[in-house]
Structures are given as C-alpha cells and as structure tokens.
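To keep things clear, I will list the structure first and then write my remarks on it.
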There are 2 protein chains.
Amino acid sequence: MATQTRERILDATAELFRRHGYTGTGLKQIVAAASAPFGSVYHHFPGGKEQLGAEVVLRSGRMYFELFELIFDAEPDPLEAVRGFFLGAGETLRVTDYADACPIGTVALEVASTNEPLRLATAEVFEDWIVRGAARFEGLGLEPAAARALIIQFVALLEGAFMLARAAKSLEAMERAAEAAVALTRAALQQSVDTAG
Amino acid sequence: MATQTRERILDATAELFRRHGYTGTGLKQIVAAASAPFGSVYHHFPGGKEQLGAEVVLRSGRMYFELFELIFDAEPDPLEAVRGFFLGAGETLRVTDYADACPIGTVALEVASTNEPLRLATAEVFEDWIVRGAARFEGLGLEPAAARALIIQFVALLEGAFMLARAAKSLEAMERAAEAAVALTRAALQQSVDTAG
DNA sequence: GTCTATACTTTGATAGAC
DNA sequence: GTCTATCAAAGTATAGAC
C-alpha cells in the first residue's frame, strides 16, 4: 500500500538522519533502507529531499515529546521524572553504540545557515517542546517565565549531552546533565514555594 | 608562501564548517574560499578531506579554549566570568546572523557514527576543554570531581544553547543557558565552602 | 613544487516504460 | 501509479604539465 511505503521512507530517513545527518544521507541510501523504488520518494514527497527532511523533523519532534510525556505521566515525583528522562536517553544511546540520539539536533546545526525551510522546521519543533514542556512545569506551580526558562535549560542540556556522549562514547556527560537538570528543577520548585508562601 | 596557503585553507575550512558542517562543505568550496589551487589541498593535507577536517577541529578547539581563558583571566569574579563567556558567545552569534557558532559541535554530531578518526578528534577537543577547564575550577576550591562535573555541564549547556539559538535565530536560549551555568557555579562554590568549613 | 585538467563516484532530480 | 533508466551537477581524489 502507498501509505506503508510512505511510512517506511519516513522511518528509514529518521534513522539515517540520526547517524549521518541531513547532508550525509542520500536519497538512494534512503530508498535502499526503506526497500522502496527510487521514484516513490518523489511520488510521496514532490518537494524532494527538502520536503522529506522537514516531515521527518516534525514527525520525530512529536514522537520525542510523546516519550517525554509518557515518562512524566508515569513518575509522580518530578525530580525523579527528570532524572529518568535523561538517563533513559543515555541508555538508548548506550545500547545503540552511541548512534541513536536526537535526529533533530544534528539536522538543526547542519541546516541552520543553509536551508531556511528546514531551519524553520527544527525551530518549530524546539519551540513546541518548550511551550508544551513549560505547561507541564506550570502545572507544578512554576511561574510561566520560570517554567519556560527551565524547559529551555533542559533541552540545551540534553542536546549538548547527546553531543558530548556520542563524541566520547561515554555516558558521563549525560549523567552530569541529568544532575544539572535535577538541581535546576529542585531550585525552581523551591523558589516557587518560597514565593507563594 | 606555502605556510600561508596552508593557513588560508585551514581558516576557510573552519569558517565553512561552522555554516555548512563537514559533509556539507566541499573541497572545491574550500579552495575557492581560500583562493588556493585545488591540488594544494592534497599537497598540504595528503590525507585529504579527513585529515584537513581533523586539523581544523583540533585547531578550532585550541582557539576556543584560549578565548575561554582570556575571559576568565580578565574577570576576577568567577560568576561574572561564566556569565560573560556565555553572553559573549551569544553576541558573536547575533552579529553574524546566527552563523558563527562552534565548528566542532556541528562536525561532532555529523561524524560521531560515520568517521572514526574525526570522532576521535572531536572527543579529544571536548576532553581537553574539560580537563583544562576543571583545573581552573579546582583553583577556586572545588573538589576534582565537582570541578569536572561543572565544566561538563557548561559545555553541554553552551553547545545545546548554540543549537537552539541558531534554530530560532534568537538569543533566548543562550541567556537561559548563561543563567543555568551561573546558578550551577554558585551552588558548586557554596558547596565547596560548606564542605571546607 | 605549483597548479590544471581530468577520472570516477555519488548526488538530487526527471522522463518515460510498463 | 510503480518502478527503471538516465540526466546534469557536484563530490573526492589523482595524474601529469609546467
């Protein structure tokens, strides 16, 4: 079915983007990994590689935020949820030999100055994470500005830790990032209690 | 002179890596930007693009750490130095229309799973920053483990903030990263005083 | 030794057979 | 509508003129 081919192409592209980035991933590589004929890329994505890339970025962004929500729904203690999210990302990294990190981060740095439609797609994903993540922290009593600041610091720590961990093939940076995120969250929650009280 | 050509090639490559990344930068693009004949790349870098890339990564790593030391030598208050370093990086980003970030970060994510010599070069740079940065914080009274943790968190925050800032073409993430770095530093210094006292 | 011309591969994209 | 054959351009690398 056509939809299945489309799905396979999107999945294969996301996988390849994580390992090789946007410019490092060829359309021929993609159709080979998706077991699809070459022409099907342009059938399903008339805009070519750029359109396919943008859809993969947006789709991956949604999937990662769902994972974030899953963990925060399951863990009542926000500090433990924060720790669990970072260490879970680290565990995925480790079991895939430090290959499966965030497909958006790599693409974001590559295209920021060269491909405006794709830059906008990465910016949209990050802003969506920030807005929806901030809403969660507001639910814990944080002021809007404090909640937004905290989630921005999370994303920066997470993406930076992905970079360091993949380069070193070590979880050390992810563990230190987890500790920083927990400390920042604890301080923000404490601050909100002090202000309210 | 031969050395000048070599320098021009290294400078041009570093500049292009920041904007287009490793796979996105072609050798033809490099020699054009450096006003050098094509053959001179292989004359000065017999290992081709890979050797050139590794040298650029190591060289850029040294330059960025020198900048870090310059700022920390000039500012006696460590909290102000931390803030100044992050905001200075943000200012450079802004005046270059969010193009001139860290040439190592982009390359690091691209090559982590595809080019082992280059991955090792990026890992070497990050580890060098961490070791030498930690030495500075130990000088302020931090335990070795605490100093190492703090500088790792800095680098993660900085690289992550570069990513978010370039995607959004906004300094917001860099400003929040600066605040996080200052807060983490303040807490670490306080902790070391408490322990010593 | 500096540089030019070229070889060979792979890229994104398209036209047209079936 | 699915897929194959092919395009022009750009990629890295090399051979050889001067």
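Every heavy atom of this structure was used, including side-chain atoms; hydrogens, water molecules and symmetry mates were not. Within every chain, numbering begins at 1; the chains are lettered A, B, ... in the order of the sequence lines, protein sequences first and strands thereafter.
Here the options are A:Leu52, A:Leu27, A:Val56, the test is side-chain contact (heavy atoms from CB on, under 4.5 Å), and the partner is A:Ile9; only A:Leu52 passes.
Separating the CD atom of B:Gln51 from the C1' atom of D:dT12 is a distance of 15 Å, rounded to the nearest angstrom. Rounded to whole Å, the distance from CG on A:Leu16 to P on C:dG12 is 11 Å. Atom-to-atom, CD of B:Gln29 to C1' of D:dT12 comes out at 14 Å; the value is rounded to the nearest Å. Note: CD (B:Gln4) to P (C:dT2) measures 12 Å, nearest angstrom. Atom-to-atom, CD of B:Glu110 to P of D:dG11 comes out at 14 Å; the value is rounded to the nearest Å. One interatomic measurement links the two molecules: CG of A:Leu52 to C1' of C:dG12, which rounds to 12 Å at whole-angstrom precision.
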Inset, instruction - Begin from the C-alpha positions of B:Phe162 and B:Thr106 and carry the test side-chain contact (heavy atoms from CB on, under 4.5 Å) through to its verdict. - result: CA-CA 10 Å; B:Phe162 271 140; B:Thr106 310; over 6 Å; no
Legend entry - Full working for side-chain contact (heavy atoms from CB on, under 4.5 Å) between A:Thr23 and B:Tyr22: CA-CA 9 Å; A:Thr23 50; B:Tyr22 180 74; over 6 Å; no
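Checking the phosphate oxygens (OP1, OP2) of D:dT2, a side-chain nitrogen or oxygen of A:His43 falls inside 4.0 Å.
One hydrophobic cluster, built from ILVMFWY side chains closer than 4.5 Å, holds both B:Leu158 and B:Val182.
Not less than 6.0 angstrom separates the ring centroid of A:Tyr64 from the ring centroid of A:Phe68.
For residues 153-167 of chain A, every residue pair satisfying the side chain to side chain donor-acceptor pair (under 3.5 Å) rule, not counting sequence neighbours, is listed here: A:Arg166-B:Ser113.
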Show the distances under 3.5 angstrom between N or O atoms of the protein and N or O atoms of nucleotides 13-18 of chain D.
from, atom 1, to, atom 2, distance (Å)
D:dA13, OP2, B:Tyr42, OH, 2.4
D:dA13, OP2, B:Lys49, N, 3.3
D:dA13, O5', B:Tyr42, OH, 2.9

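As judged by a 4.0 angstrom heavy-atom cut-off over every strand, A:Thr23 is placed among residues making no nucleic acid contact.
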